[in-house]
J.: 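Supplied in structure tokens, the structure appears directly below.
The first residue in the sequence is number 1, and the count goes up from there. Computed from a predicted structure; not experimentally measured.
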Amino acid sequence: MITREEIANVLDHPVYDGDGNKIGDAKHVFFDDMTGRPEWVSVKTGMFGSNESFIPIRDAAVVQDHLEVPYRKEQVKDAPNVDVDAGGHLSESEEHRLYDYYGINWDSVLSEAERTDDGRFAAGPGPAGTASAAGAAGAAGAAGTAGMAGTAGTAGGMTGRQEGADRTGMRGDDAMTRSEEQMHVGVERRESGRARLRKYVVTEEVQQTVPVSHEEVRVEREPITDANRGDALAGPEISEAEHEVTLHEERPVVETETVPVERVRMVTEEHVEDEVVRGRVRKERIEAETERFDDDAARFDDESARLDDERRPGRE
């Protein structure tokens, strides 16, 4: 459990779960009105911090500049929504419901709340009041000046209740503060899909015409002349003989060669388009109401007041 001195190091600082995931930022610390000890921390979660979840801080610890709680981020985000009254308090039923959700035995909470930090017994657990960043310094400074057990909270708890009263808009100068919610729209970047390049092999039939040649035999006959007579009479007069000639032809020969033809890559292009975002915001309205009194009754009241003054002793 965190101490009062550590509250200033918690408010508006990150809150992480046991796995190191950021849950949100701490906005309020709630004290037990009887014991004055911190009981709950509220954390802004969701997109733009639109939700506020409650986490018990009995087992929380301040680590460097953030708060660590032994609950998973998903569990905190799914915690039941509770209503905080105008004074900045959690009702006992709301606390009971939250303790049940986080698996904390309500009887153990009661037994721990019956004993204050200095060992004295208190009347029992009271509703939890808030402290904001403005009240954190006061809560830390008043850590050693807490009243006796059973009173309506300690200095830190009173600070949280006072701030809750200010939030209603009533102040000592007879003026009311009108507040309203403003919608802030941002963008978040997330994955919308994946694109990939895939290379695979296909086989195609190709056709190409190539000229080929071959040799054929053609018999040529020439008459005996003075020029070839010597070659003609060189052999025997009558004989049998053979003469052989080797024929040649060309045939297509196919071979393949791998050559690079192009480079292919993927690039992303960002296109901007307008999208309408709708939401609901709350506004406070201030109207004046006039209550008129009967004139006769007013005169009667004035006369009664005058007579009372005359009857008082010591009047001249």
J.: May I have the step-by-step check of side chain to side chain contact (heavy atoms under 4.5 Å, CB included) for His13 and Val62, ending in yes or no?
T.: CA-CA 10 Å; His13 284 70; Val62 177; over 6 Å; no
J.: Which heavy-atom pair separates Val63 from Glu68 by the least distance, and what is that distance?
T.: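 Taking every non-hydrogen atom into account, CG2-CD, 3.8 Å.
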J.: Provide the closest heavy-atom pair for Pro38 versus Phe31 in the form atom of the first, atom of the second, distance.
T.: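 Where Pro38 meets Phe31 most closely, the heavy atoms are N-CD2, 3.8 Å.
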J.: Mind checking whether Tyr99 and Trp40 have parallel, tilted or perpendicular rings, split at 30° and 60°?
T.: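 Correct class here is tilted.
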J.: How long is the gap from CD on Glu6 to CD1 on Ile57, to the nearest 0.5 Å?
T.: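 Reported value, rounded in 0.5 Å steps: 9.5 Å.
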J.: Between Asp25 and Pro14, which heavy-atom pair has the shortest distance, and what is it?
T.: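 Distance-wise, the nearest heavy atoms are OD1-CA, 3.6 Å.
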J.: Mind checking the NE2-CG spacing from His28 to Leu11? Nearest 0.5 Å is all I need.
T.: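 Result: 8.0 Å between the selected atoms.
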J.: Starting at CG of Asn81, measure out to CD of Glu94 and round the result to the nearest 0.5 Å.
T.: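 The CD atom of Glu94 is 9.5 Å from CG of Asn81, to the nearest 0.5 Å.
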J.: Closest heavy-atom contact between Glu284 and Thr177?
T.: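 Reported closest heavy-atom pair: OE1-O, 3.4 Å.
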J.: Check whether Ser53 reaches the backbone of Val76 with its side chain - one donor and one acceptor, N or O, closer than 3.5 Å.
T.: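 Side chain of Ser53 to backbone of Val76: a pair is present.
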J.: Can you check salt bridge (Lys or Arg N to Asp or Glu O under 4.0 Å) on Glu249 and Arg251, steps first, answer last?
T.: CA-CA 7 Å; Glu249 68 177 3; Arg251 292 189 303 175; 5.1 Å; no
J.: With side chain to side chain contact (heavy atoms under 4.5 Å, CB included) as the criterion, how do His248 and Thr246 come out once you've worked through the C-alpha distance, each side chain's angles and the decisive distance to 0.1 Å?
T.: CA-CA 7 Å; His248 297 86; Thr246 301; 3.9 Å; yes
J.: Do you know the tightest heavy-atom contact between Tyr16 and Ile23?
T.: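 So the minimum-distance heavy-atom pair works out to C-CD1, 4.1 Å.
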J.: Does this structure show an ion pair linking Arg282 with Glu181, if we count only N-O contacts that are shorter than 4.0 Å?
T.: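 Judged by the 4.0 Å cut-off on N to carboxylate O distance, Arg282 and Glu181 do form a salt bridge.
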J.: Taking a hydrophobic cluster as the set of Ile, Leu, Val, Met, Phe, Trp and Tyr residues connected by side-chain heavy atoms closer than 4.5 Å, whether directly or through intermediates, do Val264 and Met266 fall within one such cluster?
T.: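 The answer is yes; both residues are in one hydrophobic cluster.
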J.: Is it true that Lys77 and Glu74 make a salt bridge, defined as a side-chain N closer than 4.0 Å to a carboxylate O?
T.: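 Answer for the salt bridge query: no.
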J.: Nearest 0.5 Å, what's the NE2-CD distance between His184 and Gln182?
T.: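 One finds 5.0 Å between NE2 of His184 and CD of Gln182.
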J.: Rounded at 0.5 Å granularity, tell me how far CD1 in Ile286 sits from CZ in Arg178.
T.: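 Ile286 atom CD1 to Arg178 atom CZ measures 7.0 Å (nearest 0.5 Å).
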J.: Please confirm whether the backbone N or O of Gln75 pairs with a side-chain atom of Tyr102, one donor and one acceptor, at under 3.5 Å?
T.: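 Between the backbone of Gln75 and the side chain of Tyr102 there is no qualifying donor-acceptor contact (under 3.5 Å).
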J.: Measure the spacing between CZ of Arg196 and CZ of Arg194 and express it to the nearest 0.5 Å.
T.: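 Here the rounded value is 7.5 Å.
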J.: With sequence neighbours excluded, what pairs up with Glu216 under the side-chain hydrogen bond (donor to acceptor under 3.5 Å, both in side chains) test?
T.: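 So Glu216 forms a side-chain hydrogen bond (donor to acceptor under 3.5 Å, both in side chains) with His214.
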J.: Scan for side chain to side chain donor-acceptor pair (under 3.5 Å) pairs involving residues 253-280, sequence neighbours excluded, and state none if there are none.
T.: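 Every candidate side chain to side chain donor-acceptor pair (under 3.5 Å) pair involving residues 253-280 fails, so no pair, neighbours aside, qualifies.
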J.: Restricting to non-hydrogen atoms, name the atom on Asp17 and the atom on Tyr71 that form the minimum distance, rounded to 0.1 Å.
T.: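 Taking every non-hydrogen atom into account, CB-O, 2.8 Å.
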